[in-house]
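Lettering of chains follows the sequences in order, A, B, ..., and the numbering in each one begins at 1.
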Amino acid sequence: MTLSASTPDRELPAQYDPAAVEVPLYQRWLAAGYFGADPARVLSGERKPFSIVLPPPNVTGNLHVGHALDHTLMDVLARWHRMSGDEVLWLPGMDHAGIATQNVVERQLAVDGKTRHDFGRDLFVQKVWDWKHESGGAILGQMKRLGDSVDWSRERFTLDDGLSAAVQTIFKKLYDDGLIYRAERIINWCPGCLTALSDIEVEHQDDLGELVSIRYGDDADGTGDGIVVATTRVETMLGDTGIAVHPDDGRYAHLVGRTLTLPIAGRQIPVVADSHVDPTFGTGAVKVTPAHDPNDFEIGRRHGLLPITILTEDNHIDGTGTAFDGLGLLNARSAVKEELRRQGRIVAEKPYTHSVGHCSRSGDVIEPRLSLQWFVRVAPLAKAAGDAVREGRTVIHPPELAPRYFDWVDNMHDWTISRQLWWGHRIPVWYSTDGEIRCVGPDEEPPGDGWVQDPDVLDTWFSSGLWPFSTMGWPDRTDVLDAFYPTSVLVTGYDILFFWVARMMMFGTYALPAADGGPGVPFRTVALHGLVRDQFGKKMSKSRGNVVDPLAWIEEFGADAVRFTLARGANPGTDQAIAGEWVAGARNFCSKLFNATRFAMLNGGALATGPIEPAALTAADRWVLDRLDEVIGQTTALLEDFQFGKAAEGLYHFAWDEFCDWYLELAKAQLQSGDEEVADTTRSVLGRVLDSLLKLLHPFIPFVTETLWTALTGGESLVISPWATVSGRTSDHVAAQWVSDVQALVTEIRRFRSDQGLPPGRRVPARFSGGSASVNAAAASLTRLTPAEAGFSATASLVAASSAGPVDVEVDTSSAVDKPAEIARLEKDLAIATKEIAAAEEKLGNAAFLGKAPEPVVAKIRNRSDRARADVQRLTVRLTDLRKDRT
RNA sequence: GGGCGCGUAGCUCAGCGGAAGAGCUCCCGGUUUACACCCGGGCGGUCGGCGGUUCGAAUCCGUCCGCGCCCACCA
């Protein structure tokens with residue numbers, strides 16, 4: 001028979017095949033509408049809300065292992081809360097991912113030798129939309145494969161009409177409040193993407209460069225030996241408009257206020273005193289290039305040194321009036337250096353490793369560039385975002401990561417939000433021919449003739465920052481917003497704390513007042529998990545070649561196995577490693593559950609999921625029910641604390657080490673005891689434990705648990721079943737002690753059997769004396785000891801301690817493997833191998849022999865010696881085992 | 001230069017004041033009627049070093065060594 005997802009079966013096949021079950025099962029859940037959220041049930045007070053917005057993956061993206069972790073943890077929470085009776089909204093969607101997506105389409109155009117300019121703005125944007133509809137959003141199908149219980153009816157895209165209106169609304173509000181401004185500043189310019197970038201889109205890495213010391217000025221301008229400055233960017237000297245030294249630096253005091261001749265360019269530049277200069281670094285004098293360095297820009301502003309831009313947007317020297325105009329940046333660097341060398345102005349040059357900004361998208365070296373851009377004045381927004389956490393309106397979990405958040409929001413620079421791209425939300429600002437500026441809200445008509453809209457679009461993170469409420473209909477007041485905002489929790493990696501979380505906190509507190517009139521927050525808790533690394537704990541990267549594909553594992557081991565592996569390794573804020581073997585281990589766990597349930601059903605457990613008659617409970621029954629209660633309480637508490645790893649680990653051990661390894665084995669005896677009341681009760685206990693266990697595990701491994709639970713109970717679905725509840729029994733210490741005694745005795749006997757060379761499967765006659773009769777009987781059953789008839793032919797005995805006094809077990813060892821003979825044989829082999837090695841050593845140590853014997857003969861002897869060594873090693877290990885077993 | 005964290009079995013990690021643990025690996029045995037995606041047994045650790053607090057420290061404090069991550073306008 002086969003497992004069908006559409007109609008739950010009450011029988012199970014011989015083996016679990018996740019691939020055959022998972023896809024149709026997900027379709028069944030969708031068809032049943034289990035994942036839909038209804039705000040009415042919250043607003044009526046019928047249910048408590050639980051809401052999560054999915055961090056929107058890029059429309060260009062595929063499900064990588066980091067997503068798989070992120071989504072698994074969110075799904076655990078969503079499914080758990082749904083079962084706990086909350087109205088759950090898990091809202092999915094995607095990010096338009098400005099630069100990333102535009103780049104994808106531009107690369108396609110480049111294949112035909114075209115650029116976006118060949119098509120013009122409107123046509124190009126249409127092409128991006130076409131791409132999005134055809135190839136974008138592959139990740140959505142992959143989310144379904146993973147089992148995400150999101151409300152697909154509420155899927156959003158950051159460029160949807162509604163979200164675009166939200167973007168325009170908040171832009172206008174910020175503009176009117178003076179929190180958005182346009183200014184000419186030094187910004188991060190990517191010469192590859194030809195756009196401005198915000199600080200977070202720049203990645204710093206240590207690059208090897210060259211620190212070149214140059215002498216400015218000389219006798220000719222009356223400054224004697226002049227001043228030596230050091231730079232890693234020689235070419236920027238063409239844009240120098242000053243030299244700065246520290247005000248207290250006596251070495252240069254006589255030069256401050258004078259001017260020097262700038263080599264090559266020939267213009268006079270002043271020496272200024274500025275406390276920014278570190279007198280201990282290099283020569284203590286720094287060249288000032290206001291248009292190409294943020295520090296220098298500030299120094300220049302303080303001292304009236306005007307910026308001179310010497311680079312085009314694509315990094316060519318321009319407008320310097322020198323022979324270098326037209327050269328690319330790196331060519332210019334060496335050419336300028338050569339010219340300085342020719343003039344004898346190079347004082348020193350040495351290799352120098354320093355931190356250099358790179359474009360996080362293209363990898364190009366970022367050029368600080370003076371440019372007219374739009375900015376968000378972040379100070380008041382960041383203050384509110386910080387206060388929300390300081391005041392506990394939003395809790396960061398684990399708390400150790402809060403300092404990072406504060407460090408960020410307390411020191412944030414103004415945010416460059418304009419991008420010289422076409423794919424994104426266009427800046428809603430129009431300019432008139434005579435220089436007027438007008439910011440237009442979503443409900444307003446754009447101005448007519450004589451006005452042109454700003455050509456730039458907004459940073460992708462501008463719209464992502466609105467995600468928690470723009471997706472719920474803001475700026476309109478909607479039922480969804482009323483019911484589900486603020487969201488309950490944001491689950492994400494700590495690596496995105498600044499990129500995204502801080503932005504949402506800023507916009508959320510700014511745009512939406514809380515119920516008490518104070519600043520609203522987008523989420524009550526931020527639960528941060530770590531990064532997924534490879535099996536050696538190394539960061540995954542394409543260059544390292546250790547990136548794993550969760551989809552391949554899903555196909556091989558099933559989505560449940562991948563989910564369980566990730567959840568089990570998830571400790572708050574801590575990175576985790578993952579390997580295929582571990583996913584296989586999780587698959588084995590699913591299989592174990594499957595077989596345990598199958599066993600219960602084959603024994604009638606499926607018919608016995610009703611109430612239990614307490615009178616007939618054995619000690620084993622009472623013990624497992626008590627343990628179940630403990631596990632239910634513990635799992636619930638751990639989930640409340642976002643301790644996914646420990647919750648999964650606890651369930652794994654209860655299910656495998658306690659329920660399967662001990663209770664199931666004890667239950668076999670109870671089922672075969674011939675006492676029908678005991679057997680019936682055992683069936684009930686099996687049903688009861690599995691019912692609860694499958695519920696507890698369902699958030700982690702939804703597919704296999706659903707398959708098993710519907711088969712076991714005939715219920716409709718675990719997705720909508722109530723969460724496991726404790727029985728309310730008082731725990732039974734006597735039962736716990738009984739089981740503990742059985743476990744201790746069984747373990748002793750098993751070790752004894754193994755030591756004696758008694759094959760585990762064989763029934764062996766034995767006599768017990770002392771201890772508890774019921775413990776002894778159970779232990780005998782689990783260790784295949786049968787009551788001895790007449791006298792033994794050969795015996796050995798052990799004495800085990802138990803709470804009922806010492807137990808003496810006498811065992812018939814006539815069926816034991818004959819170890820002394822085996823040992824004797826191995827010892828002989830070992831002696832031969834040892835001799836062989838000695839003989840080989842002697843020959844190889846003989847210089848005369850080595851000098852005369854042909855190489856093949858020597859190689860043969862070496863080979864034989866190596867083999868003998870391997871033999872010795874193998875035999876020694878085996879002998880050690882055998883000798884040890886005898887004692 | 002700031003901030004956070006980590007060094008526990010071969011590997012990846014839990015444990016964070018009261019008798020050293022898990023998964024994977026390794027070794028031995030096993031056709032045990034739920035399961036070989038399994039069962040049973042076993043090897044393996046001066047819990048980074050050194051001091052201190054404590055009746056007791058992997059667990060707290062100090063210090064040193066090694067490693068990682070994040071932030072930062074060190075030319």
- Any A/Tyr352 side-chain nitrogen or oxygen under 4.0 Å from OP1 or OP2 of B/A75: yes
- Distance, P atom - from B/G17 to B/G7, rounded to whole angstrom: 15 Å
- Task: If B/G29 has a Watson-Crick or G-U wobble mate with both distances under 3.5 Å, name it; if not, just say none.
- Result: B/C39
- Item | A/Glu367 vs A/Arg233, salt bridge (Lys or Arg N to Asp or Glu O under 4.0 Å): CA-CA, chis, key distance, verdict | CA-CA 11 Å; A/Glu367 180 63 34; A/Arg233 305 192 49 196; 2.9 Å; yes
- Message: Let's test this: given Watson-Crick or G-U wobble pairing with both distances under 3.5 Å, identify the partner of B/G15.
- Response: B/U8
- Rounded to the nearest Å, what distance is computed from the OH atom of residue A/Tyr494 to the P atom of nucleotide B/G68? 14 Å
- Distance-only donor-acceptor check, side chains A/Ser213 and A/Lys350, under 3.5 Å: no
- Task: Could you work out the separation of B/C6 and B/G42 based on their P atoms and round it to a whole Å?
- Result: 34 Å
- Message: Tell me the interatomic distance from A/Phe297, atom CZ, to B/A75, atom P, rounded to whole angstroms.
- Response: 19 Å
- Item | B/A22 to B/C43 separation - P atoms, rounded to the nearest Å | 12 Å
- Pairwise P distance, B/G10 and B/C26 [rounded to whole Å]: 15 Å
- Query: So, A/His653 versus A/Glu658: side-chain donor-acceptor pair below 3.5 Å or not?
  - Reply: no
- Query: Heavy atoms, side chains only, cut-off 4.5 Å: are A/Thr236 and A/Asp293 in contact?
  - Reply: no
- Message: Say we look at B/U31 and B/A36: how far apart would their P atoms be, to the nearest angstrom?
- Response: 14 Å
- Only one of A/Leu782, A/Asp657, A/Val624 passes side-chain contact (heavy atoms from CB on, under 4.5 Å) with A/Trp662; say which it is. A/Leu782
- Query: Just how far, in rounded Å, is C1' of B/G3 from CD1 of A/Ile396?
  - Reply: 14 Å
- Query: Just checking, A/Arg568 and A/Tyr652: is the charged tip under 6.0 Å from the six-membered ring centre and within 45° of the axis?
  - Reply: yes
- Message: From CZ of A/Arg784 over to C1' of B/G41, roughly how many Å is that when rounded to an integer?
- Response: 15 Å
- What's the closest nucleotide to the A/His354 side chain, out of B/A75, B/A34, B/U32? B/A75
- Could you check how far CG of A/Leu528 sits from C1' of B/C4, rounded to whole Å? 13 Å
- Task: Determine the Euclidean distance between corresponding C1' atoms of B/G23 and B/G44; express it in Å to zero decimal places.
- Result: 15 Å
- Query: Is B/G1 paired to anything, Watson-Crick or G-U wobble with both distances less than 3.5 Å, and if yes, which nucleotide?
  - Reply: B/C71
- Message: Would you measure the distance from the P atom in B/A72 across to the matching atom in B/A14 and give it in whole Å?
- Response: 28 Å
- Query: Nearest to the side chain of A/Trp656 - B/G41, B/C38, B/C37?
  - Reply: B/C38
- Message: Between B/U53 and B/C28, how many Å separate the two C1' atoms, rounded to a whole number?
- Response: 47 Å
- Indicate for each nucleotide in nucleotides 5-24 of chain B, in 5' to 3' sequence, whether protein heavy atoms under 4.0 Å reach the base (B), only the sugar-phosphate (S), or nothing (-). ------SS-SS------SBS
- Hey, does A/Glu581 have a side-chain heavy atom less than 4.5 Å from the side chain of A/Gln535? yes
- May I ask you to list the residues of residues 660-669 of chain A, by number, that have any heavy atom positioned under 4.0 Å from an atom of RNA chain B? A/Cys660, A/Asp661, A/Leu664, A/Glu665, A/Lys668
- Answer with yes or no whether A/Arg587 presents, from its side chain, a donor or acceptor under 3.5 Å of a partner atom in the base of B/C37. yes
- Message: Using OP1 and OP2 only, check whether a side-chain N or O of A/Arg751 sits under 4.0 Å from B/G42.
- Response: yes
- Query: Side chains of A/Gln743 and A/Ser740: is there a donor and an acceptor less than 3.5 Å apart?
  - Reply: no
- Task: Let me know the distance between CG of A/Asp278 and C1' of B/A75, rounded to the nearest Å.
- Result: 9 Å
- Searching all strands shown, indicate the nucleotide that pairs with B/A58 (Watson-Crick or G-U wobble; both distances under 3.5 Å). none
- Rounded distance in Å - CG (A/Asp495) to P (B/G3): 23 Å
- Query: Does the side chain of A/His303 pick up a donor-acceptor pair with the side chain of A/Asp274 at under 3.5 Å?
  - Reply: yes
- Note on the structure: By nearest-heavy-atom nucleotide on RNA chain B, the more 5' of A/Phe599 and A/Thr232 is A/Phe599
- Tell me which nucleotide among B/G41, B/G3, B/A75 gets nearest to the side chain of A/Pro403. B/G3
- Query: Can any side-chain N or O of A/Arg251 pair as donor or acceptor with the backbone N or O of A/Pro279 at less than 3.5 Å?
  - Reply: yes
- Task: Please determine, by modelled atom types, if A/Asp410 and A/Tyr405 share a side-chain donor-acceptor pair under 3.5 angstrom.
- Result: no
- Message: Expressed as a whole number of angstroms, how long is the span from A/Glu298:CD to B/C74:C1'?
- Response: 17 Å
- Query: So what does A/Val277 hit on the nucleic acid, given a heavy-atom distance under 4.0 Å: a base, only sugar-phosphate, or nothing?
  - Reply: base
- Item | Polar contact flag, side-chain donor to acceptor under 3.5 angstrom, A/Tyr16-A/Asn595 | no
